[in-house]
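If you're wondering where the values come from, they're calculated on a predicted model, not measured in any experiment. Residue numbers start from 1 in every chain, and the chains themselves are labelled A, B, ... in the order their sequence lines are given, proteins ahead of strands.
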Protein chains: 2
Amino acid sequence: MATIYDVARHAGVSASTVSRVLNGKQTVDAQLADRVRSAATELDYRPNALARSLRRSQTHLWAVLVSDINNPFFTALVRGVEDVAQQARYSVVLCNSDESPAKEADYIAAILAEQMAGVIVSPTNQPGHLTRLVSAGVPIVAIDRRAEEVEVDTVTVDNTSAAELATAHLLEEGFTRVACITGPRGVSTAEERLAGYRRALRAAGRKPDPRLVRHTDFREQGGYAAMGELLDHTPRPDAVFATNNLLTVGALACLVDRGLRVPADVGIFGFDDVPCATLIRPPLSTITQPTYEIGRTAADLLLRRVEDPSRPPSVTVLPTELHVRASSLRSRTVTSAG
Amino acid sequence: MATIYDVARHAGVSASTVSRVLNGKQTVDAQLADRVRSAATELDYRPNALARSLRRSQTHLWAVLVSDINNPFFTALVRGVEDVAQQARYSVVLCNSDESPAKEADYIAAILAEQMAGVIVSPTNQPGHLTRLVSAGVPIVAIDRRAEEVEVDTVTVDNTSAAELATAHLLEEGFTRVACITGPRGVSTAEERLAGYRRALRAAGRKPDPRLVRHTDFREQGGYAAMGELLDHTPRPDAVFATNNLLTVGALACLVDRGLRVPADVGIFGFDDVPCATLIRPPLSTITQPTYEIGRTAADLLLRRVEDPSRPPSVTVLPTELHVRASSLRSRTVTSAG
DNA sequence: CTGTTAGCGCGTTCAA
DNA sequence: TTGAACGCGCTAACAG
């Protein structure tokens, strides 16, 4: 690999001049600049990012640290991040903590060690993890979940209201024993969506029944098991609100395996888009989030923060959409909305 | 951030001694080593990976460069890579070329600039792309698709035979106008699976009809459009073999939208696991690949190549599984296999 | 406007 | 066994 000195020699100038030209400093004679540029292309010169970063103590790498790489919600979001990043000449790398605090810690160490220029993260809220990044001055934007301990830019949706709407819809449809399968305690999305579920029940004059609530990990397997438990106990639910796409799929799979009909035996309402939603019968009622926009917005915030690290942290709440389809309709014709 | 000099001062030794201790060189007095280690933990010293990499001209970052981050085949595979990488103390970052040669070029430039320690790639086979990595001496393993131009370690499956089996099954079921929806020309998986389809037809004494073959991009939208075209032309297929999961989903969505029954009107056989496969009715017949194993194997090969760059490139062919389900069964009861 | 000099933080010679 | 000196490739002071 050619270094900046090779280019300098080739163009008959000093290394600093090469550096200036290649970094677009306007204080170089036009003719010299041309010589430098042609020397650079001739030698196929590519600046050593390591050396540059060491000098500037900053890279042009952004990390997107997600809790589950197999969740299409997160991968869809990456697209939005990439589009913004590319325009600002950053590269985006995806890191998968796999819901494991240890892996998250490893990646945070790597992000720190590699001095990455910014991080977009769906926090697992392990004590100290994000603090480490913040105190190192790494620009951070939290997505999906709220970060605890630290105040950072956040892009999220109104989980509580969306969950309330979905649950209210089930109640209005005439379901009387509406269960909720939600994620781990302490994860803000799991808590907020559960809170919305409870609020809807209270608003309808019902008392939330703790026996109808299950906490589990945000995985298909978790949804499957939780649904099974709910069906095996009293009161047996006649509808279920699942607070994430994987939970929805798992719950549905459980219902199918037990030969229960949806929505005749059990109604179901899901959160997030489900892969192949159009192919699943009956069509699933879901709350959807603007995944691409979440990614874009987070990336925009990251850019602004890189420019001005002192700006006060902001919280952006993006709108959700309620899609009522057949899976949540009691004894009515199938309609479609949203 | 504390530097190696801070630690040295704190421990009353020189920076070189600190370096030696922290890199496990055995030539340091035990007592001194202890002092160094406690000084390091006390200052929460974390080596600057940039400086270290600049010096060693190598990072501890692996890149997995895939053509579609939304394809679960690729994200599932990453898990296998991660497990191997973690044990060898590498971090894995995922880069999404999004089937765009320009983006792939950008990421390759970044990989080169950041001097990443290794790359696992599903090549788009753009002229020069991989060559650039190879000539820079970056260890590479190709997955899914074969790399052209360059000879590199490759992990793949026997696409031709698997496709032949699937197509033969459709023919044996009595389908007479079996179509094939495959990926872009020049992509080895698309070509090989198409070749297997043709081989099965010939083996059954049929002449492959070019009007029943469609090339498109490996996207759901592509599968949808291709299926639509096939249905709008003569001869109208009574079965379709789709050579990738997204194509399968797209084709199926098209059939559903047109009110066609599967498999009564049109039979379907897919390649790769389809998300939510268990929830789709009728259950889909598919060829599945050992995604996790592909990731593990590729990572193992990468490790070996890092250790011994001179080792001759190898090709690992992993087994596929044929899962015959209802979508490909003509006038028979629904059974399940595999 | 240009070149010389210095140093980012580390690992690795070379002497001692 | 240890420390001093050097350089990885680059950018940012400082002079000229």
Side-chain angles (χ1 to χ4, degrees), chain A residues 1-37 39-40 43-61 89 109-117 136-137, chain B residues 1-37 39-40 43-61 89 109-117 136-137:
Chain A
M1 288 279 273
T3 77
I4 202 169
Y5 286 101
D6 299 325
V7 178
R9 206 175 312 123
H10 206 83
V13 297
S14 78
S16 356
T17 302
V18 177
S19 172
R20 282 191 272 259
V21 172
L22 268 35
N23 288 296
K25 306 264 190 256
Q26 294 304 340
T27 62
V28 179
D29 180 80
Q31 204 177 338
L32 267 195
D34 276 345
R35 257 177 32 218
V36 167
R37 267 186 287 266
L43 297 176
D44 191 29
Y45 168 69
R46 326 197 128 264
N48 182 327
L50 254 29
R52 165 179 289 176
S53 303
L54 177 60
R55 188 55 234 246
R56 299 213 265 228
S57 50
Q58 199 182 65
T59 66
H60 65 286
L61 239 42
R89 315 247 54 198
I111 287 166
L112 240 32
E114 302 288 340
Q115 320 231 108
M116 296 200 186
Chain B
M1 288 277 272
T3 77
I4 201 169
Y5 287 99
D6 300 324
V7 178
R9 207 174 310 125
H10 206 82
V13 297
S14 78
S16 351
T17 302
V18 177
S19 171
R20 281 190 271 261
V21 171
L22 268 33
N23 289 294
K25 306 266 190 257
Q26 295 303 340
T27 62
V28 179
D29 180 80
Q31 203 178 340
L32 268 195
D34 276 344
R35 265 192 6 232
V36 167
R37 267 186 287 267
L43 297 176
D44 190 31
Y45 169 69
R46 325 196 129 264
N48 182 326
L50 254 28
R52 165 179 286 177
S53 303
L54 177 60
R55 186 59 236 248
R56 299 212 261 227
S57 48
Q58 199 179 66
T59 64
H60 66 285
L61 239 42
R89 313 247 57 198
I111 287 166
L112 241 32
E114 302 289 339
Q115 320 229 108
M116 296 200 185

Got a sec, which residues hit side chain to side chain contact (heavy atoms under 4.5 Å, CB included) with B:Ser57, two or more places apart in sequence or on another chain? B:Gln115
4.5 Å side-chain heavy-atom contact, A:Glu114 and B:Leu61: yes
Nearest heavy-atom neighbours spanning B:Thr59 and B:Met116: OG1-CA, 3.2 Å
For a quick test of your reading: what N or O donor-acceptor pairs under 3.5 Å do the side chains of residues 43-51 of chain A make, sequence neighbours left out?
| from | atom 1 | to | atom 2 | distance (Å) |
| --- | --- | --- | --- | --- |
| A:Asp44 | OD2 | B:Arg132 | NH1 | 3.4 |
| A:Asn48 | OD1 | A:Leu50 | N | 2.8 |
| A:Asn48 | OD1 | A:Ala51 | N | 3.2 |

Go through the structure and list residues passing side chain to side chain donor-acceptor pair (under 3.5 Å) with A:Thr17, not counting sequence neighbours. A:Ser14
Side-chain touch A:Asn23/A:Arg52, heavy atoms, less than 4.5 angstrom: yes
Which of residues 8-18 of chain B have a heavy atom under 4.0 Å from DNA chain C? B:Ser16
Please output the side-chain donor-acceptor pairs of residues 5-13 of chain A that fall under 3.5 Å, not counting sequence neighbours, one pair per line with the distance.
| from | atom 1 | to | atom 2 | distance (Å) |
| --- | --- | --- | --- | --- |
| A:Asp6 | OD2 | A:Thr3 | N | 2.8 |
| A:His10 | NE2 | A:Glu42 | OE2 | 3.4 |

With B:Asp34, which residues qualify under salt bridge (Lys or Arg N to Asp or Glu O under 4.0 Å), at least two apart? B:Arg37
Over its full length, what angle do the end axes of the helix from C:dC1-D:dG16 to C:dA16-D:dT1 make, each axis taken from five pairs and the result rounded to 10 degrees? 50°
For A:Arg56, what residues pass the salt bridge (Lys or Arg N to Asp or Glu O under 4.0 Å) criterion, not counting sequence neighbours? none
Mind listing the N/O atom pairs, protein and nucleotides 7-9 of chain D, below 3.5 Å?
| from | atom 1 | to | atom 2 | distance (Å) |
| --- | --- | --- | --- | --- |
| D:dG7 | N2 | B:Arg55 | NH1 | 3.2 |
| D:dG9 | N2 | A:Ala51 | O | 3.4 |

Going 5' to 3' on DNA chain C, which nucleotide is the first and which the last to come under 4.0 Å of a heavy atom in chain A? C:dC1 to C:dG9
